[in-house]
Each structure stands twice: as structure tokens, then as C-alpha cells.
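Along the sequence shown, residues are numbered consecutively beginning with 1. Whatever order the structure lists ligands and atoms in, that order sets their numbers, starting from 1.
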Amino acid sequence: MNRPVYLDYNATAVTKPGVKDAVAAATAKGGNPSSVHGIGRAARTLVDEAREQVAALASVKPEQVIFTSGGTEANNQALRCAGAKSLVISRIEHDSVIGGAYAAGVPVYEIPVDGEGVVKLDELADLLEEAEKPALVSVMLANNESGVIQPVKKVAVIAREHGALVHTDAVQAAGKIKFSFTDLGADLVTLSAHKIGGLPGAGAVIFREGFTLSPLIVGGGQERGYRSGTENLAGIVGFGKAAELALKDFEKNKKIKELRDYLEKEVRAVSNRVRIFGAGAARLPNTSLLTMPGTASETQVMALDLNGICVSSGAACSSGKVKASHVLKAMNVADDEAGSAIRVSLGWGSTKADVEAFLAAWGRLYQRLHAGEKANA
Ligand code: PLP
């Protein structure tokens, strides 16, 4: 078999070569950034550089960046440590936001989405009328399953009118669409290294200057007390490099979008019963959440895997368990249709040949299972 065709960048991006080099160099140097000796000071310099690189990606000052163990921890800190008396989250948030919100011990309100998977702003305003004050609103910048981009700027304006704080999970959006922290009007933003070509196990919560955020993890007082624990030097250095490369490589998203659009055009040519979720809304350039009508997601994922093609089931899958996607449920998609969705997500290493390989295998599976049906019926 040829090399695997990896089309699952939203699960984790392929680590960029420049990141591997930077990580290898940092690991070779080693050191604890809190140590006062030379090796410790050199490690501190590397962490400081990475902080500048990550800050540049979000257009903030380095002091606004707190390194965490990843997006999950950053989301938990944002939701549980901002001092909010209630939380208003969208129904399509990542499990780390939903889980973090319900663990916070304050009332949680859920903002519905429309059929394209975009938050309903009028409902947000209504929820904020009843929510205990100060509320914190958390709406992701782009959804991990559908790629649908959320109107976070407008969310922030409505939140401010109600004296609410604003958090956005920008884990999937970072590197794929341009954004500036100030422009979004948020108090808190979450990032994760491994979605932009860094390593898993590193992320950041970014906060507005002057914002009061408590630590989620206490101990040695690293990260100026915002996040204790010896810094993950390799992960943080890799994150910094990935952030730098994300900015440098930004224009490549155009090419990725062309490939994604071509893929969607071709699957639609196989059957006009194929549904592409969120296609009517603004979406990330790399993501396609599409159905093969009447064929279970897992059947498609397994058949594609046998052909060396890696994609995800549209249903959220964690620890090997497949459960109905809460995102598609929130979009009011019927269970059988939701159960036939797969997520194809491209990235910096994706090629036309990868897309062709996907289309050939997906097309063969479709013909095998739907033989006898009229094409485009
Ligand atoms: N938020 C979103 C939107 C994600 O897609 C993910 C990962 O899938 C996370 C948060 C969690 O990030 P991490 O894997 O770094 O914990």
C-alpha cells in the first residue's frame, strides 16, 4: 500500500517538519525554565520566544499568553476560573467546553444553532436577560465537525450589552482563518498546538489585559501563577514554531480550500443525495462534513481505512466509542442522516493525489453499496 492518505487534520494536524526540528533542538538542550543556572535560563529563553510566537498568531502581547497542557485545559480554565456567576455556551461547543461548563458549579444556558450550525444571536440576547450576572458567554470561533465559522464578534457585542464576559475556543480556527484577539472583542481565547502542526499536550489560554483569571492548577506558581507545573519545554517550543509557521504559511489555505471545494464538487457529482453540512454558511477552508446516504459513518470510515485513507466519523468519537454527534443534533439533523456523516479535513500536507485517492475509494464504496440505484436519483 502507498503511504496513508491523511485527511483528518481536525483530529490532529500532521506535525510540521520545522516543528520537529525545533522540538528536537529544545529536547537536546533540555532544562527546567525555573532553574537559575545557565541551562535553566536557556530553557526560559526558549519559552519566552515561543510565547512571542504564539502571541503574534493571535495579535496580542506575550504577557497575555498562558501556556497550558492543551485546548481542553485552556477551555476548562476559561470557563471555570473567570469568576462568572453563570455560563452561556453554544450547543455545538467541543466537549471540553461543555464538560468544563457543567463542572463549574454555576447555572449553564445553551444557545441553539440554526440548520447551518450558526448560533442564533437573538436567542443569545434572550438567554443573557435571564442569566445570573456576570455571565460568561462561550462560543467557538469555528466548529471542529462542520468547520462552520461562528459570528463571535457579534456575540461579543451582545454579551457586552449585558455586561457579560466572552470566551472563544479558537482551537480549530487558528491558522486556518485570520483573527485578532482585539478585533474579536473577547476576554479569553483558547488555542491548541497540535491542531496547527505542533505537538499534542500544549495549548494556551489568552486573556485580555487587566482581566482577572484564577489558576485551574496550583502548585509551583509557573506561568506567573496562572498555571502551575514545570513547563512542557518541547511542547511549548513546538507550539511557538507551529504558530510562526501558521502565519508564514497562511496563504496555503487558499490551495487547501480549492482542494476541499473540488472534493465536494466531485462527491456531489456521484449523488445529488449527498449532503454537506454547513455548506450554506461561512466555513473553514479545510473541512467537509458530508454524508453517503444510507451508509453508516463507521462503514465508510472502515472501508476508507482499508484503502489507507484516514478520515473521521461525523459522530463524535472518543476512546473508541462512537456516539451521535451533538453538533448535528443541535442542527436538527435526523439520526439516520447524522449517522451517515463523515468528516474529511485537509491540511498543510494535503495534495490533489490525496483527494483523488479519497474520491476513488469513496466512489467505489458508493457504487458497491448503491448498485442498481439510478445515478443522481
Ligand atoms: N476545542 C476544539 C474545538 C477541538 O477541536 C479540540 C480538539 O479536538 C479541543 C478544544 C481540545 O484540544 P486539545 O486536544 O489540545 O485538548
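Under the salt bridge (Lys or Arg N to Asp or Glu O under 4.0 Å) criterion, Asp183 pairs with Lys153, not counting sequence neighbours. By the salt bridge (Lys or Arg N to Asp or Glu O under 4.0 Å) test, Glu49 is found to be paired with no residue, residues two or more places apart in sequence or in another chain being considered.
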Show me a pair-per-line table, with atom names and distances to 0.1 Å, of protein N or O atoms that are under 3.5 Å from an N or O of ligand 1.
| unit_1 | atom_1 | unit_2 | atom_2 | d |
| --- | --- | --- | --- | --- |
| ligand 1 | 1 (N) | Asp169 | OD1 | 3.4 |
| ligand 1 | 1 (N) | Asp169 | OD2 | 2.6 |
| ligand 1 | 5 (O) | Gln172 | NE2 | 2.8 |
| ligand 1 | 8 (O) | His94 | NE2 | 3.3 |
| ligand 1 | 8 (O) | Lys195 | NZ | 2.6 |
| ligand 1 | 14 (O) | His194 | NE2 | 2.8 |
| ligand 1 | 15 (O) | Gly71 | N | 2.8 |
| ligand 1 | 15 (O) | Ser192 | OG | 2.7 |
| ligand 1 | 16 (O) | Gly71 | N | 3.4 |
| ligand 1 | 16 (O) | Thr72 | N | 2.9 |
| ligand 1 | 16 (O) | Thr72 | OG1 | 2.6 |

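Taking 4.0 Å as the cut-off between side-chain N and carboxylate O, Arg208 and Asp187 count as a salt-bridged pair. Salt-bridge annotation for Glu145 and Arg343: absent, with no side-chain N of the basic residue lying under 4.0 Å from a carboxylate O of the acidic one.
Pairs passing the ring pair (Phe, Tyr, Trp, His ring centres under 6.0 Å) check and including a residue from residues 71-93, sequence neighbours excluded, do not occur.
Within 6.0 Å of CG in Leu247 there are more than 12 heavy atoms belonging to other residues, nucleotides or ligands.
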